[in-house]
Amino acid sequence: MKNEDLYNYVLRLGDDSLILGQRLGEWCGHGPILEEDIAMTNISLDLIGQAMSLLDYAGVLDGQGKDHDALAFLRFENEYRNALLLEQPNGDFANTMMRQFLFDAFRKPLYEKLLESTDMQIAAIAEKSLKETRYHLKHTSEWVIRLGDGTDESHQRAQTALDLLWRYTDELFFQTEEDTTLISLGMVPSMSEIKAEWSKTVLSVLEEATLVIPTNNWQFEGGRRGMHSEHLGFLLADLQYMQRAYPNMKW
Amino acid sequence: MVTKESILSWLDEVCDPEIPVLSLADLGVLRGVEYLNDEWQITITPTYSGCPAMKTMEDDILLKLKEHGVEAKVHLVLSPAWTTDWLSESGRKKLKDFGIAPPENEVDKSVLFAAQTVVPCPRCNSRETKMVSQFGSTACKAHYQCLICSEPFDYFKCLK
Ligand SMILES: [Zn+2]
């Protein structure tokens with residue numbers, strides 16, 4: 001392998017985008033209103049597009065001639081490196097928006113830092129993806145506020161979503177021993193910087209939304225090491241079905 | 001002899017499959033035409049990462065050049081990232097005539113809760129319009145409605 005440390009890093013980014021993109025796509029035709037149906041599938045499309053760029057690059061770093069399709073469709077569950085947050089079921093609209101918001105608030109500062117990466121391809125993907133991610137964060141922040149500071153029911157649903165998803169947020173900032181090498185080479189930023197930015201955005205939006213961070217701060221992790229919740233297998237069964245049933249089929 | 005000018009003029013006939021009045025040059029997606037290693041090298045950049053029209057655009061370019069007996073390679077580059085500033089003047093006009101409001105100069109997207117941009121109605125030019133959704137019929141468009149003539153319209157949203 002050409003660069004295993006960077007491969008693992010890029011794979012995590014690509015898997016986050018792919019799995020969340022697939023989850024959001026499940027809303028297609030089921031959105032609470034037409035505009036939101038379109039918004040969620042648009043965001044899904046951006047994420048799948050970013051996943052294609054990221055997984056293609058992971059394939060290059062791997063050096064075995066794998067493209068994004070090979071990485072998306074032909075890996076097993078324990079080979080995925082996405083954070084647990086992203087494979088969680090959609091739940092209701094508030095839950096989907098909260099999950100997306102917590103992720104967008106993480107992705108935006110990450111891409112902002114990756115813009116300065118000494119690795120040209122990572123910097124290029126970040127440059128392209130950042131513009132889209134800003135749109136997403138704007139959209140989801142507004143929804144979190146509207147739902148939290150809305151009716152009794154929407155507030156309750158948004159708070160329940162936050163209570164449920166908060167336990168998966170620490171894992172977003174997972175950093176390995178090998179990442180420190182990449183950080184010292186200026187290829188990727190340190191996660192502590194990203195977490196500081198994330199906290200700032202999340203706290204200000206949640207305050208505006210009159211939502212409170214749960215006091216129970218027990219955090220789950222595992223996805224970054226390939227230890228997933230029971231939900232990922234079902235998602236992959238759906239995602240990979242065609243390639244597994246008809247190997248090498250093309251549209 | 002095939003020149004860069006002739007390639008460019010042929011490619012002028014290749015349009016965005018989703019907005020058929022815009023050529024790839026108008027859209028700013030066509031980034032370069034170069035003769036290198038005994039082959040024409042065409043460089044394009046996506047409007048949005050997941051834009052499903054990119055593959056069609058690539059095929060259409062190759063098909064158009066083939067009609068003129070030219071073999072080429074198409075390269076997709078991500079940086080510098082596409083911006084609506086690359087939309088040509090004639091492209092903006094064609095959009096409006098087609099019923100799609102061209103991008104307005106908007107405030108920085110990184111600012112949350114910024115005031116909304118005024119997007120004039122492409123039908124009656126009224127400035128009294130409202131955004132229905134930030135996300136429209138394709139990744140590059142938002143959905144608006146005119147409060148004067150009631151026309152629902154697409155807005156080619158600003159991306160910087
Ligand atoms: Zn009007």
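Since the model is a prediction, treat every value here as computed from it, not as a measurement. Below, read A as the first sequence line, B as the second, and so on, with proteins coming before strands; counting in each chain starts at 1.
- The aromatic rings of A:F173 and A:F106 sit perpendicular, their planes meeting at an angle over 60°, well past the 30° parallel limit.
- Electrostatic pairing of B:K93 and B:D97 counts as a salt bridge here, judged by a charged N lying under 4.0 Å from a carboxylate O.
- No part of A:I48 comes within reach of chain B, as not one of its non-hydrogen atoms sits under 4.5 angstrom from that chain.
- By the 6.0 Å and 45° rule, A:K131 does not stack over the aromatic ring of A:Y111.
- With 3.5 Å as the limit, one finds a donor-acceptor pair spanning the side chains of A:D62 and A:Q64.
- In this structure, chain A has no heavy atom under 4.5 Å from any part of B:T45.
- Interface remark: of the candidates A:I43, A:L45, A:L130, A:L45 forms the most heavy-atom pairs closer than 4.5 Å to chain B.
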